[in-house]
Amino acid sequence: MSIPMHQACDFVLFGAKGDLAMRKLFPALFQLDKANLLNPKSKIIGVARTEHDQAGFVEAVKETLDRFLKAGEMSDAEWQRFAARLDYVQVDMTKPEDFKKISAKLDASRVMVNYLATPPSVFGDICKNLSSAELINEQTRIVLEKPIGHDLASSKVINDTVATYFKEDRIYRIDHYLGKETVQNLLALRFANNLFGSQWHNSAIDHVQITVSETVGLEGRWSYYDKVGQMRDMVQNHLLQLLCMVAMNPPSKLDADSIRDEKVRVLKALHPITSENVTKRAVRGQYAAGSINGSAVVGYAQEDGAQKANSNTETFVSLRVNVDNWRWAGVPFYLRTGKRMPAKMTEIVIVYKNNPHFIFDPKQRDIVNNRLVIRLQPEEGIRLHVVTKQLDLQQGMNLQNRALNLNFGEDDPNHRTPDAYERLLLESMVGDQSLFVRRDEIEASWAWCDQLIDAWKEVGDEVKPYNAGTWGPIGSIALIERDGRSWHE
Ligand code: NDP
């Protein structure tokens, strides 16, 4: 089923000169246009504080596309078509009178989609000023970038402010992991394959692992990151969203609210991690000096812009999480995420239970383990580890663990995996909220995370050091090995 062509939009991009807009959003919009997925009448209106004439802005977008698209990805004709959609308005988001300039660019026959690629501190001003310039009608949509707050209370303030001007069915909160093809593929894998759908519960599955690792460090963002940490930056949104996609019950329909209702149920079923159990269920780490791909790198406290030597901010988290419901009783979800890890990857591993009785050579028991590995990056693909007999007369009934491999990139050498933002920008224009986060999801997720962060404070938890280029502090290995299991490497 292909996506029907959406109604023409005025796509108004606030923060159009920022890093996100230039590095991700304009290349994604270009790819949508190139693939004929943008309505021919849609316009893209960049809004920022910087002084620019129309030509200067178009030139800046051309430069960013030249830089971030692959060689040969943009022909002159494709660029000319895209450039014809671009417009620019210089606006101070705090000045109501400036919003009249936006009004002059809009057309009533087009739906206005406002994308806020700005710090959340200006979300309120933008909404208020859109409203006072009478730019909001029943159709107008708003797309919000993360972070939506740094805890439950602050996320409620942002959500309340936006809700004053926009109904929930017009609000599109981004978690760009949901735009990844493989995350959507989880829905197909689980709900279109009886092979997996019928075995997706605690009778068949032993445990689940979710890893989101980065090789990079702070990249000049120390003063921002030190107030946030890995728990708020990665676990509250991306890791819990992935957990929801794995753990949710089948929705009755493939529509936005049916999917999001099921995700909220998972978030509400997460077993609390409190001061009673935090030392057994959660590990925080901070990288020390080490090496990544053979190059020496400094520790967190020595990074450019570091303001204190004894920061207690975590750059690594691993958790043992339980989902308190019938489907998942007794199945731990092990989550880990960190910076300065040995590899950049995002992976979900479903580890199946072994058969109750083993009839082969007892020495081979360890290799008998079905695993379904769903990889989101670097390459997107799905691998199912199955046990077979070695095809060799000499070997008798020797077993081997082999993988059935679905590597999406390999199926077609010309295949290009779309960036997550392409999918999300398209859905915001189509008006489908399935891949966006609803208010109650964000708030349930913050409520659970706040409790855990408070527990760390209550017990006076200190971050544990790990050398850059390793998989986190020793306590993270102990967290899983205590249960007789190990991290999938
Ligand atoms: P930048 O600082 O690079 O850009 C922010 C943009 O917002 C700029 O265009 C800036 O305008 C505008 N802006 C900032 N403050 C004001 C203000 N008071 N009034 C008017 N305009 C303002 O940030 P990013 O592009 O990196 O990020 C934007 C948002 O997206 C942030 O909330 C960030 O957390 C989030 N995000 C970013 C990601 C990324 O990869 N960069 C990834 C995920 C989320 P001007 O250029 O005129 O200063």
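Positions are given from 1 along the sequence. Whatever order the structure lists them in is the order used to number ligands and atoms, beginning at 1.
Interface of A117 with ligand 1, defined as ligand atoms under 4.0 Å from a residue heavy atom, comprises 5 (C), 6 (C), 7 (O), 28 (C), 29 (C). Within ligand 1, counting atoms from 1 as listed, the ones closer than 4.0 Å to a heavy atom of P120 are 32 (O). Heavy-atom proximity to T50, at under 4.0 Å, picks out these atoms of ligand 1: 46 (O), 47 (O).
Atom NZ of K34 has more than 12 neighbouring heavy atoms from other residues, nucleotides or ligands inside a 6.0 Å radius. Applying the 6.0 Å contact sphere to CD of E51 captures no more than 12 heavy atoms from other residues, nucleotides or ligands.
With hydrogens and angles disregarded, a donor-acceptor distance shorter than 3.5 Å links the side chain of E380 to the backbone of T182.
Taking the six-membered ring for Trp and thresholds of 30 and 60 degrees, F436 and Y172 have ring planes more than 60 degrees apart, a perpendicular arrangement. Ring planes of Y177 and H238: parallel class, angle under 30° (limits at 30 and 60°).
Here the heavy atom of the protein found nearest to atom 3 (O) of ligand 1 is D19 N, 2.9 Å. V122 CG1, 3.3 Å is the protein heavy atom nearest to atom 18 (N) of ligand 1. Protein heavy atom in closest approach to atom 12 (C) of ligand 1: G15 CA, 4.1 Å. Ranking the protein heavy atoms by distance from atom 32 (O) of ligand 1 puts T118 O, 3.1 Å first. Closest to atom 44 (C) of ligand 1, if we only count protein heavy atoms, is E145 OE1, 3.2 Å. In terms of protein heavy-atom proximity, atom 25 (O) of ligand 1 is nearest to L20 N, 2.8 Å. Nearest protein heavy-atom contact of atom 4 (O) of ligand 1 is G18 CA, 3.2 Å. Protein heavy atom closest to atom 14 (C) of ligand 1, with residue, atom name and distance, is P119 CD, 3.4 Å.
Here ring pair (Phe, Tyr, Trp, His ring centres under 6.0 Å) pairs that include residues 22-78, with residues two or more places apart or in two chains, are F26-F57, F30-F82, H52-Y88, F57-Y88.
Note that atom 48 (O) of ligand 1 has protein non-hydrogen atoms nearby, at separations under 4.0 angstrom.
Between M112 and I102, the closest side-chain pair of non-hydrogen atoms falls below 4.5 Å.
Contacts of D66 classified as salt bridge (charged side-chain N to carboxylate O under 4.0 Å, His left out), with partners at least two apart in sequence or in another chain: K62.
In this comparison of K146, R49, M93, the heavy atom closest to atom 16 (C) of ligand 1 sits on R49. Checking M22, R23, K24, E51 against atom 39 (C) of ligand 1, the nearest heavy atom belongs to R23.
In this structure, F316 has its ring center at least 6.0 angstrom away from the ring center of W471.
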